[in-house]
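Reviewing the structure listed below.
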4 protein chains.
Amino acid sequence: MNSKIRLGILGGGGDSLIGVLHRVASSMFDQFKIVGGVFNPKWEDNISFSEKIGIPTDRIYKDFDTLVAEELKLPEAERIQVVSILTPNFLHFPMAKKLLENGFNVICEKPMTTTYEEAKTLEATLKKAKTVFAVTYTYTGYPMIRQMREMIANNVIGNVQKIDVQYYQGWINPVIHDEKLRANTWRLDPEKGGISCCIGDIGTHAFDMLEYVTQLKVGKVLSDLNYVYDDNKMDVDGTVLFHCTNGVKGLIRASQIATGEENNFTVKIYGEKAGLKWEQENPNYLYLLEDGEPLRVLKPGHAYNSELSLDGTKLPPGHPEGIFDSMGNIYKGVAKAIRKEPYDHGEFPTMIDGVRGMKFIECVVESHLKGNVWIDINE
Amino acid sequence: MNSKIRLGILGGGGDSLIGVLHRVASSMFDQFKIVGGVFNPKWEDNISFSEKIGIPTDRIYKDFDTLVAEELKLPEAERIQVVSILTPNFLHFPMAKKLLENGFNVICEKPMTTTYEEAKTLEATLKKAKTVFAVTYTYTGYPMIRQMREMIANNVIGNVQKIDVQYYQGWINPVIHDEKLRANTWRLDPEKGGISCCIGDIGTHAFDMLEYVTQLKVGKVLSDLNYVYDDNKMDVDGTVLFHCTNGVKGLIRASQIATGEENNFTVKIYGEKAGLKWEQENPNYLYLLEDGEPLRVLKPGHAYNSELSLDGTKLPPGHPEGIFDSMGNIYKGVAKAIRKEPYDHGEFPTMIDGVRGMKFIECVVESHLKGNVWIDINE
Amino acid sequence: MNSKIRLGILGGGGDSLIGVLHRVASSMFDQFKIVGGVFNPKWEDNISFSEKIGIPTDRIYKDFDTLVAEELKLPEAERIQVVSILTPNFLHFPMAKKLLENGFNVICEKPMTTTYEEAKTLEATLKKAKTVFAVTYTYTGYPMIRQMREMIANNVIGNVQKIDVQYYQGWINPVIHDEKLRANTWRLDPEKGGISCCIGDIGTHAFDMLEYVTQLKVGKVLSDLNYVYDDNKMDVDGTVLFHCTNGVKGLIRASQIATGEENNFTVKIYGEKAGLKWEQENPNYLYLLEDGEPLRVLKPGHAYNSELSLDGTKLPPGHPEGIFDSMGNIYKGVAKAIRKEPYDHGEFPTMIDGVRGMKFIECVVESHLKGNVWIDINE
Amino acid sequence: MNSKIRLGILGGGGDSLIGVLHRVASSMFDQFKIVGGVFNPKWEDNISFSEKIGIPTDRIYKDFDTLVAEELKLPEAERIQVVSILTPNFLHFPMAKKLLENGFNVICEKPMTTTYEEAKTLEATLKKAKTVFAVTYTYTGYPMIRQMREMIANNVIGNVQKIDVQYYQGWINPVIHDEKLRANTWRLDPEKGGISCCIGDIGTHAFDMLEYVTQLKVGKVLSDLNYVYDDNKMDVDGTVLFHCTNGVKGLIRASQIATGEENNFTVKIYGEKAGLKWEQENPNYLYLLEDGEPLRVLKPGHAYNSELSLDGTKLPPGHPEGIFDSMGNIYKGVAKAIRKEPYDHGEFPTMIDGVRGMKFIECVVESHLKGNVWIDINE
C-alpha cells in the first residue's frame, strides 16, 4: 500500500551536512522512505547514527559490499530501489559502478568520479544497466533556474550572445595563507582531491549550470588558474574563457580566495533581445533585462512561470524556499523517473552532466599547464 | 529503538499547502514520524491521501473523535504523542481542548481559537494538562529573527525606543473590488472568519513578532481599520498605534490591499544605541544600523550568531534556507520540550502567544469601532 | 545678450550646506546668474564669502533692507529678478513678504513660515504681487518622483487605495538622550523652532510629497507624537493617520530617533491596479508592483518615462544623478515661470504647498495634544 | 577680486551631454568661471549656443587656432587659464598638444588620444610645459571610490590577491545586429574610432579604475575580444586576463552587448584580509566583506571615511550625490593644482593615466589578434 520509494544511503552520518540535505530533500514530496544504508565506516557509529535519525537498524549494513549482497537477497518488492552516494569523492566511482551493475538506481553526489576516464567507464556501465542515474548539481533544482532555462528555450531573450558565470567563495583564505595548513589539507592534496581544487569543486557547478540554462555546449576553453603560492599544488582560483560549439563566447570565474564571499554563485546570460541574471544567495529572484525597458523581477510560484518552474515551488509567492527545496526538487524528478512517470529533462542532472563535468575539469587544468592555450573539450 | 516522536495530523490533506509545510518541517531534524491522523473529512479522500503520502492507513481514522478514542486504547508507548491541528480555524479550539484534556501534546496552527474567551478556556485546560502546547507563528523560527531577539536581549541596541512592524500583502484585491466576491468569501464573512480579516490573519503575526523580538509587552492600542466598501464587513487593511507597558511607542501596519506586495513582513526595532531590520522575503539578512557607523548585514550560520540562532541553521553561510526551515526549527523546539530536553523559551511560540494574539485582535477591532480610541489590552 | 536670470541670495554663507545646494542647483541648466545678496549678517564675513565664491562684491549688501532699497533703485533690466531665502526659519516670512510686496520673485526654503497665520498672510501678499513664488520641497524634483506623479495621474495604478509615507532619521539621538543637550538645542526649543521639531522638519516633506504624487488632498489627521522625555518640549518622532478628502486612508511615519537611519524617506502608494514605491536614498529606482506580475523597476532617462520626468534628467540611463540634480530641476521650473514659458504644475512647489504644510503641522500637534483625536486640516 | 579660474571650453555645444556635465562640474565648488571657447564648428551655432548658456560672446572664437592666438594676446591675468577639451576623439591630441605648448592648463576628455604614440608625444610635451593636465576618467571622482583607494592603501583589506572589474552595457545591440547600421556607425569604423570600440571606450575605464584603487600596475594581458559578426571590424565585447607586475591576477570584463545593462561598472578587489565592492549605478555604497564577519556597507559623508573621500562629499549622509558630483570633484582637484594648493594624487587622473590607457588598448587588441597570447604592457 505504501508506495514510497525505498532509499538507501551511503555516507552522510555523524555531523555530515550533506547527509541532512539529502535526508530532508528526500522527504519533501513524500516520495522516498529511507530503509537502510551504511552511514559511517565504524559499526558503532553507524548504528548509533541510524538510531539517532530514527531509521530501523535491521537494514543498516557493516559496509557497502554487504549492503549490496544482502539487499540482492531480498525480493525485488522489498529491496532498496535507489542509493544515494554521499561518501568521500574517491568512493563515488566504485560504489556507483557496482550499484549500477547490480540494477540499482543511483543518486550520486558531485564530483561524480575523480577522473574523466572513470566517468566514461561509468557512462558505459549505465548504458547497460538502464537504471536511473542522477548527479546532484544541487543548484539546478531552484525554481528560478528552471524558469531561466525555459525562458531561454522559449526565445524570450533571443539568441544567446554572451555568458558570464561567477562562483566566488572566500573560505580557503585561512588555509592557503598558512604554509603548514596548505601542505596538510586534503582539498589541496592532489593524491586525495584529484587534479583541481577550485575548478573541480565549484567551477564544475558553473559549467554545468551554464549548459543547463542555455542548453548550449561549451566547445573550447582557455584558463588561467591561480595557486597563489609556489608550494601549493592545487588551484584555489581561476578564470576560464570559453567558446560554445555555436561560437557564443563566455567565461567562468571561480574563486575560493574571494575574501568575504560566502557562496556567491551568479549566472548572467545575455541574448540578442534580453538578459537574465540570477544569484544563488537570493535564489527567489530572477532578473530580466531589456534595453530601454524597466528591469523585471520574476519570483517563484507565480502563474507567469513555466510548468517546470512551478513544479519546483511548494508555497505561494512571498514564502521563500531555499537550497533544501532545490535539492528536494531534484529528488522529486528522480522519483518520477524511477516510477517511470513522465518528466522533463530539466528535472535532474544526469550521467551526461557528470561526464562533461569531469572532462571540463581536465581540459581546464590542461589549458593552464600548457600555458593558457585553447583546449577543445569535445575531442 | 526508533526514538522518533509519534505525530498525528488533523487536516492538511488534498492540496493543502499548510499540510506540506508541517510534514516537511516535522521531518527536518529526524525527530518526528507521522503515524496517523485525519487528513480529510471524507473517508475515501482521507485514505487515498494517506496512501499518496506514504502513511500506513491502519491509524488513519474516520474522524477526530475516533482518533482520540482509538489512540487512547493503545499502550502509551505506541500512542500518538503529539497532534498537529491544521483544520479550519473554528475547529482549532474544540480539537485542541479535547486533545489536551486527554493528555496529548498539541501543535496548533494560528489563529489558535476564534475568540479570546476560547483562548482563555484553552489556557486553563493546558494548565491542568501540563503537556506541551505550541502555536505555529511560523516566522519566529527564522534564524535571523532568533538572532534579533538575542541581540536585543543582550543590549546590543540599547533600550528599545521605537517599534515599526509592517505586514503587507495585496492578494485580496481581486476579491474586495468585486461586489459579489466580497459578499461570498469566507474570509470576509464574520460568521466564518471571526471578527477580523486582516488584523486576525496577519496583524497578529506582526503583534506576536514584536513581542517575541523585543520581549516587551504591548499595553494599549489605537487602530484605524479599513473596510474599503460600506457593504464589506471585515477589515482588509489597518494601522495600529500602540504603547508598550514600559511606555515605548510603536505601530503595526497590516494590509491585504497593498497591491503587488506578496508577503512583505518587515520588522524594524530602534534602540538607543542601534537599530535592527529584517524582511521576511529575504529572511537570511539582518541589518544592524548605528548612527555614524557602516550598516552591518548579519547572515545565518556564522559564529557571530547566538546559540539560539545557530541551532536553527542546518548549513554553512551562503546556503539559503527558507520558510520550511523556519517551521522546522519550531518543530525541533517542540521535540525538545516533548522529550523534556532543555530548550530556550524562544524556540517555539506557546499558549501565552496564542492567548495574547486573540486579545490583541479583539482590542484592535474595539478601538476602531469605538472611534479610534485607546484600548488597554492587558485589562 | 546674456539672458541669464539675475538671482540674489539671502543667507547660505560660511559653511552653509543649503547655500552650496542652491548655488549648484541654480547653475545646472545655465539659467541663473548670482548677482548679489546678503550671505552673512557680519559685513566682513559677507564680503569674504562673496569673494570666496567669486561673486562681485558691488551688489553684496550689508543687510536685507538695504538690498531691497538699493536694488529698487536699479533699472528693471538690471535689478535682481528672483531672491532665494536661505536664512533661519523665523526670517523666511518677513523677508518673503517684503520681497513680494516689492515685486520680486521668491524662492523660499522650507518651512515657509513659522505659523499657519503667517502663511495665510503671505498667500494674500502673493495674490497681489503676482510674481513667482516657490518653496523648496527639494525631493519633488527627482525624476522618478515626477514619473510617479504622472503614472498615478495617468491611471497606471488605478484609484489610489492606500498611502504609506516614511521619513526616518536617527540624528537626534545624541541630543535627546542627554539632559543638558536637549534643554539647549534650538531645534528642541519652541521659542526658536516653532511648535514642532520632527513633524515640522521632515513630516511636512512627507505630507507635501504624498499630495504631490497622488494629487489627492489630506482631509483629517490623527497623530501620536513622541517626546521621549517629560522635560522635552518638542516631538522627535510621530505617526500621523490620515484620511484624504476622498476617503482614501494613509499614514505618515516620521522619526528622528530611528537609530542608524540617515535620510530614509520612502513613499509607497497602492492603487487598485498596481503599487508604486520610491526611496530617497536610491532615488533613481521606481518600483511598480502588480499582483501576479513581475516587479518592474523604472529608471530615469528612458523613453518610457513621462516628459515631466525626462525634463529632469540630464544624462542617459545608468549615469546616476542625485539631490543636487533634484534641486536643479526645481530651479529649472522656476526659471520657466519667471520667463513666462510654459511649464507643468509639477515642476516646482508653490505657495499652496507652503500654506498647506504649515496647516498640517498645526493640526498634527493639535491632534496629539487633544488626546490623539481627529482634526480636519481643511477647516 | 574675483578669484575664479578662467575656463575655456572646446566642444560641448548643441545637445552635447558631455558639455552639460563639464559645465555643471566646473561650477560645483565656485572655482571656475567659463569665459570663452569654441562650442560648435559652425559660427552661428557657436554664438547662439553661448547665448543660450549665458556666456558673453566676446571671447567665443570661430575656431581653435583663433582661440589660442587671441587669448595669447591678452594679459596673463585675463587669459583663459585652463581649457576643457570635449571635441571628437581625434581632435584631443592636436588640441591638447598646442594648448600645452602655449602654456595652458588642460582638462581632456578620454580617450586622451587615438594612439599610444600620440599619447607618448603628449606626455613629452607636458614635461616641457609644466602646466596642469587632467584626463577625465570621471568615475574616479566618486567619494566611495576614493574611500576604496584609501582603505586599500591603509591595508584594511591586506595584500590584494584578486581583482575583478566589470563594465557592462547593452547599448550597441540595435546597431550590431543590423548589417547596415554596423557598417555605418563611426564607433565601429576603425578610421574614425581607432583600433577598439568596447575596450577603447569602457575597458579603459576599468583598467584605469583598478590601477587607481589598488595602486598596483598591470603587467601583462591576455584578451579574447568579440566582434560578433565577421564583417564587423571593431570589438563590442571582450574579456582581459591580466597579471599585475607584483603577480596578482585579475580580469576585466567589458561589453556593449550585455543586453539590458545600462552602465554597470562594478569593481571588486579581494585582499588577504577583506574584500571591497562598488557599483557605479549605486555609487554611494561601498561594501566591505570579511570572512566570518557581517558585511559592512560604507556610505559617503560619514566621519569614518578618509579625508580624500570626505573632500568629495558636499552634503551629510543620506543625501545622494551622483555622477555630476563625481566630475565636480575632479574639477575641484584640478583647481587646487592650478592654484598650486596642496592636493592628493588621488584627486584627478593625470597624463600617466592617459598614457597607460592608450597602451592598454593597443596591447589588448594585439593579444587578441595574435591568438589570445600574453602581451606585456610595460615593454
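Everything numeric here is computed off the predicted structure, so don't read it as measured data.
Inter-residue side-chain proximity for C:H243 and B:D224 is flagged as met; some heavy-atom pair is nearer than 4.5 Å.
Other residues, nucleotides and ligands contribute more than 12 heavy atoms inside 6.0 Å of the NZ atom of B:K359. Heavy atoms of other residues, nucleotides or ligands lying less than 6.0 angstrom from NZ of B:K220 number more than 12. The neighbour count for B:N154 CG, taken as heavy atoms of other residues, nucleotides or ligands under 6.0 Å away, is above 12.
Of the possible polar contacts, one joining the C:D291 side chain to the B:G260 backbone as a donor-acceptor pair under 3.5 Å is found.
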Side chain to side chain contact (heavy atoms under 4.5 Å, CB included) assessment of C:Q166 paired with B:Q166: CA-CA 12 Å; C:Q166 169 189 289; B:Q166 168 190 287; over 6 Å; no
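Of residues 173-180 of chain B, those residues with a non-hydrogen atom less than 4.5 Å from any non-hydrogen atom of chain C are, in numerical order, B:N173, B:H177. Heavy-atom proximity under 4.5 angstrom to chain C picks out nothing from residues 202-213 of chain B. Residues of residues 368-377 of chain B having a heavy atom under 4.5 Å from any heavy atom of chain C, listed by number: B:H368, B:N372, B:W374. Contacts with chain B (heavy atom to heavy atom, under 4.5 Å) involve these residues of residues 249-257 of chain C, listed by number: C:K249, C:L251, C:R253, C:S255, C:I257.
In this structure, chain B has a heavy atom under 4.5 Å from the side chain of C:N264, while its backbone stays farther away. Using a 4.5 Å cut-off between heavy atoms, B:L225 contacts chain C through its backbone alone, with no side-chain atom that close.
Heavy-atom pairs under 4.5 Å with chain B peak, among C:L276, C:T239, C:V248, at C:T239. Chosen from C:W171, C:Y168, C:Y287, the residue pairing most often with chain B at heavy-atom distances under 4.5 Å is C:Y168. Interface summary for chain C: among B:V228, B:D164, B:I157, the most heavy-atom pairs under 4.5 angstrom belong to B:D164. Counting heavy-atom pairs closer than 4.5 Å to chain C, the top residue among B:K268, B:K162, B:E290, B:E262 is B:K162. In terms of heavy-atom pairs under 4.5 Å with chain B, the best-connected choice from C:N226, C:I269, C:L288, C:L295 is C:N226.
When all heavy atoms of C:T259 and B:E272 are compared, the closest pair comes out as CG2-O, 4.2 Å.
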